[in-house]
There are 4 protein chains.
Amino acid sequence: MDISTKERLVNEGMRLFGEQGYRATSINQIEKAAGLVPGCGALYNHFKSKEALLTAGIDRQLDRRRAMRDISALFAGLGDLRTELTLLCRYLLSVLDQEGEFLQVAARTPAADSARVHDAYAALVDGLCTELAGWLTACAPDLAPADARRVATLGVNALLGKRVSSIVFRAPQPDIADEDYVAEWTVMLADRIESLRQN
Amino acid sequence: MDISTKERLVNEGMRLFGEQGYRATSINQIEKAAGLVPGCGALYNHFKSKEALLTAGIDRQLDRRRAMRDISALFAGLGDLRTELTLLCRYLLSVLDQEGEFLQVAARTPAADSARVHDAYAALVDGLCTELAGWLTACAPDLAPADARRVATLGVNALLGKRVSSIVFRAPQPDIADEDYVAEWTVMLADRIESLRQN
Amino acid sequence: MDISTKERLVNEGMRLFGEQGYRATSINQIEKAAGLVPGCGALYNHFKSKEALLTAGIDRQLDRRRAMRDISALFAGLGDLRTELTLLCRYLLSVLDQEGEFLQVAARTPAADSARVHDAYAALVDGLCTELAGWLTACAPDLAPADARRVATLGVNALLGKRVSSIVFRAPQPDIADEDYVAEWTVMLADRIESLRQN
Amino acid sequence: MDISTKERLVNEGMRLFGEQGYRATSINQIEKAAGLVPGCGALYNHFKSKEALLTAGIDRQLDRRRAMRDISALFAGLGDLRTELTLLCRYLLSVLDQEGEFLQVAARTPAADSARVHDAYAALVDGLCTELAGWLTACAPDLAPADARRVATLGVNALLGKRVSSIVFRAPQPDIADEDYVAEWTVMLADRIESLRQN
DNA sequence: GATGAATGAGGTTTCATTCAT
DNA sequence: TATGAATGAAACCTCATTCAT
């Protein structure tokens with residue numbers, strides 16, 4: 001029920017890193033947000049340094065991601081390509097949404113400040129592409145691996161671009177509803193896969 | 001050959017803002033990079049404040065963008081949908097590459113620091129979508145505007161996602177060459193448009 | 001014996017503000033004078049800003065003044081007008097001497113820097129005039145209030161002018177000893193009051 | 001008709017020194033107020049340094065004061081002590097008003113910044129006391145010089161206190177009109193002088 | 001005589017961190 | 001575990017002054 005001080009520090013730290021960037025966020029701000037008296041370095045009772053807090057936040061995000069992995073396997077075998085693609089698209093979007101805070105942090109934290117952040121980003125995107133490619137292959141076994149990979153990458157990027165716009169750049173694309181976007185995405189990928197299978 | 005101090009300040013400022021973020025970049029760094037003695041506030045002979053330098057940089061980027069606009073009109077009328085789409089895709093990627101520094105700055109500058117930055121981002125993406133949608137409509141006049149917009153947004157996002165990954169998150173997707181990506185993008189959009197025209 | 005850092009900061013701050021003026025006094029100077037390492041912003045552990053330090057100093061002065069108030073009541077009822085006036089004159093001078101540091105600060109701090117300082121000054125002088133006028137009335141009940149006020153104001157100003165010269169402008173009037181000045185002041189006011197009573 | 005740049009610099013410099021203090025006033029402010037482009041050091045075409053400008057301003061004030069001196073001689077010989085004292089009181093007040101800007105500068109400029117300022121202040125007050133004492137002696141030749149000096153000093157201080165309150169501390173004493181103050185001052189000094197003559 | 005640019009010094013304030021309590 | 005205080009470094013920015021034009 002009670003949430004520990006350490007956890008609160010990670011929560012507020014990641015939130016503020018996402019909003020303002022790592023360098024632009026002061027330890028005072030984090031302490032204040034976590035309900036501690038700012039300026040007293042209470043954070044140092046829980047983390048060795050500011051960077052250690054960031055690392056802990058990233059690691060927590062990686063853990064969460066690992067826990068979510070392979071949920072997409074549940075969607076397989078429904079038989080209908082379009083239905084499965086729709087579910088998968090929604091799944092990918094929800095992953096990106098869950099990673100929204102992390103995406104912000106990664107975007108606002110230059111590689112010089114934390115290599116780990118950028119490794120985690122690369123792993124995230126690569127993981128999603130691999131996941132989607134694997135699913136495409138599972139669902140259309142006669143697809144060439146390179147083809148699957150190419151289509152999957154484009155599919156992931158199309159979703160990533162949309163979410164990055166709204167989450168990182170805070171510029172949502174309000175003229176197109178998520179529903180319609182998912183539908184369009186599904187059609188394009190399904191058509192393309194069917195077209196590739198025929199060759 | 002001669003490049004004015006003011007221009008050098010904008011150049012180096014935007015470069016550093018892109019690399020490190022606005023807040024994380026110090027005026028000393030910018031002055032040093034521009035060949036001035038740091039710590040003397042020489043920057044303030046040219047700009048009222050750090051934020052004014054950022055604003056000048058954004059405005060310069062907006063000017064450059066305006067100058068590039070409508071070049072895509074040159075590609076129209078080649079007759080072959082796939083050829084035109086290929087050119088257009090390359091054009092969009094080159095625009096994003098030219099805006100790379102700006103994308104970095106925008107990603108690393110929270111809205112609280114500069115609303116103008118985020119307005120410029122929204123204008124950029126919206127402009128590209130509008131441009132692409134307009135081109136699709138010109139090339140397939142029987143396309144419903146909403147359809148064109150949807151396809152265009154997805155197309156732009158697919159490119160944006162790719163470039164943001166490499167430019168902002170410094171996580172290129174090296175397993176797929178740009179050429180192949182362009183080809184895939186072209187095929188998917190062309191197929192989709194042709195499919196939409198038949199209805 | 002022990003005097004807290006916060007108190008030391010107020011002490012030294014007010015002393016330096018008095019000597020040099022508020023704007024001309026740097027926080028480094030104050031920190032150094034208070035025995036802290038300058039340039040580290042140690043002052044900010046105790047005060048929100050430079051202005052907060054000034055405000056604290058003014059408030060402390062106001063407190064001290066309140067504590068001194070109405071001591072003059074002790075002098076009343078001696079029966080002899082001249083004796084009482086002499087005591088009162090010495091009292092007023094001692095108040096001004098105690099407020100010497102504050103007078104310096106007020107003189108050297110333009111209203112734009114701190115309205116509170118100038119309010120405090122007005123309250124001080126007005127308080128002294130009121131106090132003296134009240135005493136005159138108590139000691140010569142048939143005096144018209146306006147007459148008492150006028151005489152009191154002139155009496156206070158005559159002392160204020162002398163002390164401001166020496167304290168604020170550092171130009172003492174060494175040709176006349178304080179004792180003689182007090183005597184002259186007493187005679188002039190006593191004569192005037194007696195003259196006013198007869199009408 | 002045209003007022004030279006140099007003169008404008010002295011005018012605006014003294015005005016700003018009076019309002020804000022010497023240290024708190026920047027050369028940029030003075031240049032801007034004088035209609036020059038700030039930050040270009042145009043002031044240095046006319047004065048060797050900021051302090052030289054202050055010195056020039058003080059010297060100009062001293063010149064003006066010298067030009068006014070001995071005007072009081074005009075009032076002598078009217079025969080009526082009270083009439084002459086009234087005129088003299090008005091004269092002294094007008095001198096203080098004319099020196100208002102200088103009084104501000106002197107109050108806000110610590111001695112460390114300019115010894116000349118404080119010498120000028122001492123000379124001003126001493127001059128006024130001497131002038132008044134001389135006039136008292138001229139008008140009542142049987143007055144002991146020490147008596148005259150004492151009364152004169154008190155008289156000058158009573159006016160100085162009033163004007164310093166309003167000019168330097170910006171705390172006018174609005175409950176008593178200048179007219180009434182002059183009348184009270186006249187009566188008190190006249191009574192006192194007459195009383196001294198009888199002994 | 002006026003200006004744009006440069007510079008060393010220093011202004012107020014914030015920051016990450018440490019330490020005694 | 002939390003806090004108040006201290007500190008070195010560095011942030012943004014201003015200042016007085018100089019110099020070439």
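Below, chain A is the first sequence line, B the second, and so on; all start at residue 1. Source: prediction; values computed, not measured.
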Notebook entry, point to check: Do the side-chain N or O atoms of Thr5(C) get closer than 4.0 angstrom to the phosphate oxygens (OP1, OP2) of dA5(F)?
Noted result: no

Taken to the nearest whole Å, CG/Leu9(B) to P/dG4(E) is 17 Å

Between NZ of Lys48(B) and P of dC13(F) the distance, given in whole Å, is 9 Å

(message) I want to check one thing: is the phosphate of dG11(E), taken as OP1 and OP2, less than 4.0 Å away from some side-chain N or O of Ser26(C)?
(response) yes

Rounded to whole Å, CG of Asn28(C) lies from P of dA9(E) at a distance of 15 Å

note: Tyr44(B), atom OH; dG8(E), atom P; distance rounded to Å ~ 17 Å

Glu31(B) CD to dA10(F) C1', in whole Å, measures 14 Å

Ranking dC12(F), dG8(F), dT17(F) by distance to the side chain of Lys50(D), first place goes to dT17(F)

Review point. Quick one: does Arg108(B)'s side chain have a donor or acceptor within less than 3.5 Å of a partner on Arg108(A)'s backbone?
Key: no

As a check of understanding: the bend across the helix from dA2(E)-dT21(F) to dT21(E)-dA2(F), end axes from five pairs, rounded to 10 degrees, works out to 10°

Contacts of Pro38(D) and Gly41(A) projected onto DNA chain E by closest heavy atom; the upstream (5') one is Pro38(D)

Q: Select base, sugar-phosphate, or nothing to describe what Thr25(A) touches, counting heavy atoms under 4.0 Å on all strands.
A: sugar-phosphate

Item checked: Close side-chain approach of Leu43(B) to Ile30(B), heavy-atom, < 4.5 Å -> yes

Between CG of Leu53(D) and P of dT17(F) the distance, given in whole Å, is 11 Å

On DNA chain F, more 5' by nearest nucleotide between Leu43(B) and Ala42(D) is Leu43(B)

Worksheet item: Heavy atoms, side chains only, cut-off 4.5 Å: are Phe102(D) and Leu62(D) in contact?
Response: no

- prompt: Will you find, in the side chains of Glu19(C) and Gln104(C), an N or O donor that is under 3.5 Å from an N or O acceptor?
  reply: no

Do the side chain of Lys50(C) and the main chain of Thr25(C) share a donor and acceptor less than 3.5 angstrom apart? yes

Asn45(A) CG to dC19(E) C1', in whole Å, measures 11 Å

Considering just the side-chain nitrogens and oxygens of His46(B), establish if one lies under 4.0 Å of OP1 or OP2 belonging to dG4(E). no

Presence of salt bridge, Asp63(C) and Arg66(C), under 4.0 angstrom = yes

Side-chain contact check for Val37(B): nearest option of dT7(E), dC12(F), dT17(E) is dT7(E)

Tyr22(B) atom OH is separated from dC12(F) atom P, nearest whole Å, by 8 Å

The answer to which of Ser49(B) and Arg8(C) contacts DNA chain F further toward the 5' end, by nearest nucleotide, is Arg8(C)

task: Check step by step if side chain to side chain contact (heavy atoms under 4.5 Å, CB included) holds for Phe17(D) and Thr109(D).
output: CA-CA 8 Å; Phe17(D) 289 161; Thr109(D) 302; 5.5 Å; no

